[in-house]
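What follows is one structure encoded as structure tokens, with my remarks underneath.
Below, chain A is the first sequence line, B the second, and so on; all start at residue 1.
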Amino acid sequence: MTALVIAEHDNETLSDATAKTVAAASEMGGDVHVLVAGSGAGAVAEAAAKIGGVAKVLHADGEAYAKQLAEPMAALIVSLADGYDALLAPAGTDGKNYMPRVAALLDVMQISAITGVESADTFVRPIYAGNAVSTVQSSDAKKVITVQPTAFDAPAGEGSASVEQVGDGVDAPSVSEFVGEELTESERPDLSSAKIVISGGRALQSGENFETLIYPIADKIGAAVGASRAAVDAGYVPNDYQVGQTGKVVAPELYIAVGISGAIQHLAGMKDSKVIVAINKDEEAPIFSVADYGLVADLYDALPKLKDAL
Amino acid sequence: MKILVPVKRVVDYNVKVRVKPDQSGVDLANVKMSMNPFDEIAVEEAVKLKEAGTAEEVVVVSIGPEKAQDQIRQGLAMGADRGILITSDEDVESLGVAKILKAICEEEKPDIVLLGKQAIDDDRNQTGQMLAALMGWSQGTFASKLVKEGDKLHVTREVDGGLQTVALSLPAVVTTDLRLNEPRYASLPNIMKAKKKPLDKKAVGDMGVDVSPRLKTLKVTEPPKREAGIKVESVEELVDKLKNEAGVL
Ligand SMILES: Cc1cc2nc3c(=O)[nH]c(=O)nc-3n(C[C@H](O)[C@H](O)[C@H](O)COP(=O)(O)OP(=O)(O)OC[C@H]3O[C@@H](n4cnc5c(N)ncnc54)[C@H](O)[C@@H]3O)c2cc1C
Ligand SMILES: Nc1ncnc2c1ncn2[C@@H]1O[C@H](COP(=O)(O)O)[C@@H](O)[C@H]1O
């Protein structure tokens with residue numbers, strides 16, 4: 001069995017999620033190769049070659065892959081699929097975008113956002129916002145899988161895989177083009193892989209309050225900042241801060257939820273955190289049912305104190 | 001322009017589902033069912049495009065039990081023009097749904113298919129992308145903004161790093177994210193009117209599409225339960241516990 005993991009990157013940096021996806025692929029048994037498709041992403045290919053357990057890196061260099069658009073990415077992956085029994089990608093917005101396209105082109109039913117590997121054809125994945133966990137067996141000859149990276153530990157050790165150039169002669173469909181992007185600038189750690197996350201909810205009431213109450217604490221303890229859907233919808237913070245069933249799934253060492261009620265959709269994105277702290281003025285708030293440490297308090301009183309105490 | 005909106009009948013987002021004791025699935029008896037929330041957003045966007053004169057016709061389609069009529073009627077009450085119900089007593093997997101939608105696209109020839117990004121029951125996030133692949137069409141997933149510019153559709157997408165905008169040639173598949181719009185409630189007169197709008201019905205078996213499942217559910221279990229911890233009395237106590245008990249600071 002040989003698996004191909006599609007690397008997640010921005011042409012400069014390889015995401016931590018890629019190594020965790022390699023770990024999931026390794027659990028299926030057999031060799032693991034990594035595909036880095038990008039534009040000028042040579043350094044990413046070198047980084048992928050160092051992931052423990054990777055036997056080979058395929059590097060496709062082309063303008064068409066610069067922004068990971070689904071149409072060219074899927075065409076490339078399908079062109080390489082013959083040699084592989086399984087194709088896996090991290091369940092980030094890139095993988096979620098192109099992998100189902102790959103699956104359909106190969107006439108395969110994708111297994112989405114797995115959190116466990118039972119064997120080469122049987123996988124575990126949460127359903128209903130994590131209120132149930134299903135174990136599914138795939139009868140497709142080739143498996144197409146997206147992986148929930150927080151459920152896997154990056155492989156130990158350092159690899160020294162060879163890097164091979166691929167992708168010559170693959171026709172990229174020209175039905176879509178990149179127009180522009182507005183990326184969230186932040187010096188803080190990446191939300192998906194941060195060791196500490198502090199998230200704010202509707203109770204923060206404004207973007208200014210995030211700035212004056214949440215960000216200084218985040219900066220003091222090296223945390224990433226997250227948010228509930230309500231806080232994102234209200235425009236207090238950018239969309240990529242949303243934690244939950246339909247946002248990002250995080251599992252840091254410490255998750256601090258401030259002014260968040262704890263709707264199941266939010267819990268789905270953070271309940272696997274190691275230690276959970278909830279600060280909420282309503283002692284009945286559902287968030288307390290998953291919190292290791294609950295503080296019933298007004299956040300406007302508690303956060304300044306917390307900043308000073310840290 | 002014609003817009004096709006696939007809507008799925010799912011367990012309402014407010015329901016906390018229970019796993020059946022025999023681990024065969026979740027208990028759906030007497031559980032409130034609704035239109036998948038992302039599909040409401042898709043219907044809303046399609047109706048808005050019609051109101052703006054960009055689209056002429058909005059067709060909603062559902063694959064599911066007879067009862068999925070309710071969700072189609074809701075789409076019609078929100079302003080869609082007609083409905084198509086493909087009945088199936090068995091659950092159809094995303095790949096099968098995409099194949100059925102392909103057959104419908106070949107007949108209806110829509111310019112845009114607007115789906116939800118994710119059905120909140122199975123949390124798979126794949127049907128739209130699969131349909132785009134089967135049709136050889138462009139795709140704009142996780143949309144928070146749609147603008148028709150000339151003969152292209154500009155889609156702003158919610159991605160991990162922020163927002164990305166792509167220009168799609170038509171026909172195109174678009175999947176909705178939460179910030180695209182706020183779906184309207186259907187008014188009573190519109191609910192009454194919706195009852196008279198055309199709704200075609202076909203059985204999945206008459207579609208000429210192979211929808212046999214590829215995934216077998218071996219079991220469905222409860223997630224590991226997280227025990228509630230303790231309440232602390234003050235910020236000082238909290239910081240002390242995090243430093244000295246949990247060791248995470
Ligand atoms: C299809 C769908 C997908 C969704 N996906 C997600 C998702 O991915 N992530 C997500 O988070 N949500 C998601 N939601 C929304 C979810 O259902 C909740 O509506 C949302 O999480 C609520 O956000 P909140 O806790 O910030 O706001 P609220 O529920 O309004 O809670 C605010 C909390 O703040 C507390 N509070 C108020 N004032 C203070 C104060 N001064 N000090 C301390 N505490 C205070 C209140 O007691 C309350 O508990 C989704 C919903 C749907 C329908
Ligand atoms: N049975 C169905 N009937 C109609 N539309 C569906 C069905 N299943 C999925 N869809 C559409 O595909 C989207 C994504 O679903 P999924 O890929 O299952 O997460 C949904 O939001 C719907 O728009």
Side-chain angles (χ1 to χ4, degrees), chain A residues 69-71 74 92-93 96-97 100-101 103-105 109-110 112 122 126-140 175-184 221 229 233 238-240 245-246 253-254 264 271 275 277 288-296 302 305-306 309-310, chain B residues 11 13 16-17 19 26 93-95 98 118 120-126 129-130 132-134 136-139 141-142 144 154 158-169 178-179 214-223 226 228-232 235-236 238-239 241-242 246 248-249:
Chain A
L69 296 191
E71 298 84 352
T93 48
K96 285 175 175 173
N97 190 32
R101 195 167 175 112
L105 291 172
M109 174 65 186
Q110 173 179 280
S112 303
T122 304
I127 53 176
Y128 291 93
N131 283 313
V133 180
S134 94
T135 303
V136 292
Q137 184 175 36
S138 164
S139 60
D140 284 313
V175 285
S176 68
E177 69 196 86
F178 172 79
V179 175
E181 61 196 355
E182 237 178 90
L183 299 183
T184 306
I221 55 179
R229 173 193 174 177
D233 281 5
N239 60 278
D240 51 313
Q245 177 191 18
T246 63
E253 302 277 303
L254 173 61
I264 49 173
K271 70 178 159 59
V275 174
V277 168
F288 286 123
S289 68
V290 299
D292 299 282
Y293 301 105
L295 176 64
V296 181
K305 284 189 188 153
L306 180 61
L310 287 166
Chain B
V11 170
Y13 80 97
K16 190 170 185 305
V17 296
V19 169
V26 298
E93 287 175 349
S94 319
L95 183 64
Q118 172 175 346
I120 59 160
D121 48 4
D122 288 319
D123 285 333
R124 286 181 181 138
N125 194 330
Q126 58 188 28
Q129 298 88 313
M130 288 180 155
L134 297 179
W137 290 354
S138 57
Q139 68 186 57
T141 49
F142 328 142
S144 67
H154 284 227
E158 293 200 356
V159 294
D160 285 340
L163 296 170
Q164 180 193 65
T165 304
V166 291
L168 308 180
S169 306
L178 295 168
R179 261 66 62 181
R214 310 292 181 82
L215 301 182
K216 185 171 161 199
T217 300
L218 303 182
K219 63 176 178 187
V220 174
T221 55
E222 296 269 355
R226 214 184 156 106
I230 58 159
K231 291 260 167 61
V232 291
V235 167
E236 291 70 34
L238 175 64
V239 172
K241 295 270 188 212
L242 291 178
V248 287
L249 274 184

Report which part of [X] has an atom under 4.5 Å of a heavy atom belonging to chain B: side chain, backbone, both, or neither.
X	result
A:Ala132	both
A:Leu295	both
A:Leu183	both
A:Gln137	both

Quick one: are [X] and [Y] in side-chain contact, heavy atoms under 4.5 Å?
X	Y	result
A:Ser138	A:Met109	no
B:Val248	B:Leu242	yes
A:Phe288	A:Val296	yes

Most contacts with chain A, counted as non-hydrogen pairs under 4.5 angstrom, among [options]:
options	result
B:Lys241, B:Glu236, B:Arg179, B:Glu158	B:Arg179
B:Asp160, B:Leu95, B:Ile120	B:Asp160
B:Leu249, B:Leu178, B:Val11	B:Leu178
B:Ile230, B:Leu238, B:Leu168, B:Thr141	B:Ile230
B:Val166, B:Val220, B:Leu163	B:Leu163

Looking at chain B, which one of [options] has the largest number of heavy-atom pairs inside 4.5 Å, strictly under?
options	result
A:Ala309, A:Gly180, A:Ser134	A:Gly180
A:Glu181, A:Glu71, A:Lys305	A:Glu71
A:Gly92, A:Ala302, A:Pro238, A:Ala104	A:Ala104
A:Val136, A:Val133, A:Ile221	A:Val133
A:Val290, A:Thr122, A:Thr246	A:Thr246

Review point. Is there a donor-acceptor contact under 3.5 Å linking the side chains of A:Gln110 and A:Ser112?
Key: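 Note: A:Gln110 and A:Ser112 side chains meet the donor-acceptor criterion.
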
Without swapping roles, check the side chain of [X] against the backbone of [Y] for a donor-acceptor pair under 3.5 Å.
X	Y	answer
A:Asn239	B:Gly162	yes
B:Glu93	B:Leu215	yes
B:Asp123	A:Ala129	yes

**Study point:** Partners meeting salt bridge (charged side-chain N to carboxylate O under 4.0 Å, His left out) with A:Glu253 (sequence neighbours left out)
**Key:**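 Checked A:Glu253 against salt bridge (charged side-chain N to carboxylate O under 4.0 Å, His left out); matches are A:Lys274.
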
Point to revise | Proximal component of B:Val26, with respect to chain A [non-hydrogen, under 4.5 Å] | key: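 Interface part for B:Val26: side chain.
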
Practice item. Let me know if B:Val239 has heavy atoms under 4.5 Å from chain A in its side chain, its backbone, both or neither. Key: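 For B:Val239, side-chain heavy atoms alone lie under 4.5 Å from chain A.
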
Practice item. Kindly write out the residues that satisfy side chain to side chain contact (heavy atoms under 4.5 Å, CB included) with A:Glu177, not counting sequence neighbours, or none if the list is empty. Key: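 Here the qualifying residues are B:Lys152, B:Ala167.
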
Check your understanding: For B:Gln139 and A:Ala70, which heavy atoms make the closest approach, and how far apart are they?
Key ->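 Heavy atoms only, the tightest pair is NE2-CB, 3.2 Å.
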
